[in-house]
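Working notes, structure below.
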Amino acid sequence: MGGVVRRLGAMVVNGVWQLGFAARFFWLILVYSGQSFTRLHLTIRELYFSGVLSLLIILVSGLFVGLVLGLQGYEILQRYGSTDAMGTMVALSLLRELGPVVAGLLFASRAGSAVTAEIGLMKVTEQLKAMDMMAVSPIARVVAPRFWGGVISMPLLAALFSAMGIFGGWLIGVVFIGVDDGAFWSQMQAAVDFRYDVMNGVLKSFVFGVAVALIAVFEGYDCVPTAEGVSRAITRTVVSSALAILALDFVMTSFMFRGL
Amino acid sequence: MSRTTLDLWVGVFVAIGIAALLFLALKVGSISGSGIQSPYTLSAHFDNIGGLKVRAPVKSAGVLVGRVEEIRYNNERFQAEVVFTVDGRYKFPVDTFANILTSGLLGEQYIGLDPGGEEKNLAPGEVIKKTQSAVVLEKLISQFMFDKAADSEPAPAKK
């Protein structure tokens, strides 16, 4: 009995400790960002690894999500004889929810896990310590560029996901099923508000980018420096990123889209 | 430091990302979607606004000319006070009629402006005097029932 209580207490203390360390770590990243931006090629390199290399999965998944939305949307809307509203449905569901959330989940598993593995392995092979010895801050040299690479690429990837999804919905609706092209676009444009729908979606994807990038670099930096520790850290990155994205999405949706 | 192929790829990525954002803004969202230029505000008092919401459209002759900005309760008049913006390109005479209408049978509610015949136009910030409230279905039904009852009552009395 005493053992259970002790372990529970240790877990809580450890969790709070980690949270505090993560907050200080986030602060350090922001402080060292200026230094890392003066060597911009580092950030550009990370932009390549987390942004460019995620393009394929984001574009293909976006297309398929759009195709499915088109098919399902048509099936439901035709019961009410309002297939003209298909463009609206596809665009709003992608811009507000699916674009940022699904792109964020894919980004966490495609790029976030890679960042954690890289930093974790650097820690295992004591490269981070070596940098410290040479008076090179590992946060400025390794962590901050990876963080900003993720933060910058996430909104762009989410926008690409949404654009590709809308193209997929158009492909199914207009090209294959034969919904009127004019009605598809004009109803969509009438219903989608730039500030309310598009900008809120971009804001969501930016917040998800910060969350995923921070979790990824933190888990890598904080991992137990063994082979097993790195593998656990990668698992934790994917799991906690997914949870963070879904929870943040709920919070932000309840602020942004309350139907006034 | 020289250019590398990596820079090219990152450039391509950022360019198509921004292109996607522009596509969402212009083609999907039509950045001028509301299309309201240099707006000015007008207000109107209604006995009952029904289900009118903030951001609801303001239309004249079916064309979108503005949006509802604010709805509040006026405790002196015991009426709803609706503030809305109107596109600066459009002017309405002072005897314009503001109605709360419903698009379709179950659609959203909007404010319809019926221009009158006066020469003078409404200045920004002015209040529209002539208004008609939203049609509330329950009231309509109860009116209809009362009318029916009133019609049928004298009939047995005549006998």
Side-chain angles (χ1 to χ4, degrees), chain A residues 39-41 43-55 58-59 62 82 87-88 90-92 94-95 99 103 149 152-167 169-170 184-186 188-202 205 258-260, chain B residues 1-37 39 49 51-57 59 62-72 82-85 103-110:
Chain A
R39 279 175 295 175
L40 198 65
H41 63 102
T43 308
I44 291 196
R45 188 172 161 277
E46 294 317 318
L47 215 53
Y48 176 79
F49 283 118
S50 43
V52 178
L53 296 184
S54 305
L55 269 181
I58 291 284
L59 291 180
S82 51
T88 310
V90 170
L92 283 184
L94 276 166
L95 286 173
I152 295 169
S153 43
M154 185 54 219
L156 298 175
L157 289 172
L160 279 166
F161 187 94
S162 298
M164 210 58 196
I166 290 165
F167 172 70
W170 175 83
F184 186 88
W185 290 110
S186 65
M188 186 193 291
Q189 287 173 358
V192 176
D193 185 75
F194 176 72
R195 195 160 48 93
Y196 191 61
D197 298 313
V198 179
M199 284 321 283
N200 274 346
V202 172
S205 57
R258 260 188 297 194
L260 295 165
Chain B
M1 193 186 145
S2 57
R3 290 187 194 180
T4 60
T5 36
L6 197 136
D7 294 340
L8 175 69
W9 282 111
V10 172
V12 168
F13 167 61
V14 173
I16 64 168
I18 290 172
L21 275 174
L22 281 180
F23 166 76
L24 294 180
L26 299 174
K27 181 79 181 170
V28 177
S30 64
I31 199 162
S32 52
S34 51
I36 297 173
Q37 296 168 4
I49 57 163
L52 193 73
K53 297 257 166 54
V54 174
R55 282 168 42 80
K59 293 180 180 179
V63 180
L64 183 78
V65 295
R67 289 213 178 264
V68 173
E69 280 296 302
E70 197 186 345
I71 297 171
R72 51 176 177 247
V82 177
V83 181
F84 52 93
T85 58
S103 57
L105 197 60
L106 298 166
E108 56 168 1
Q109 291 195 301
Y110 64 96

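Letters A, B, ... are given to chains in the order of the sequence lines, protein chains preceding strands, and every chain is numbered from 1.
- Not a single side-chain hydrogen bond (donor to acceptor under 3.5 Å, both in side chains) links A/Asn200 to another residue, sequence neighbours left out.
- Of the two parts of A/Ile166, only the side chain, counted from C-beta on, holds a non-hydrogen atom closer than 4.5 Å to a non-hydrogen atom of chain B.
- Here the side chains of B/Phe13 and A/Leu157 are in contact, with some heavy-atom distance below 4.5 Å.
- In this structure, A/Trp185 and B/Phe23 have perpendicular ring planes: the angle between them is above 60°, well past the 30° mark.
- Of the atoms belonging to B/Val14, heavy atoms from both backbone and side chain fall under 4.5 Å from chain A.
- Looking at heavy atoms from C-beta onward, B/Leu24 lies out of side-chain contact with A/Val192 at the 4.5 angstrom threshold.
- Residue with the most contacts toward chain B among A/Val198, A/Ile44, A/Leu94: A/Ile44 (heavy-atom pairs, distance under 4.5 Å).
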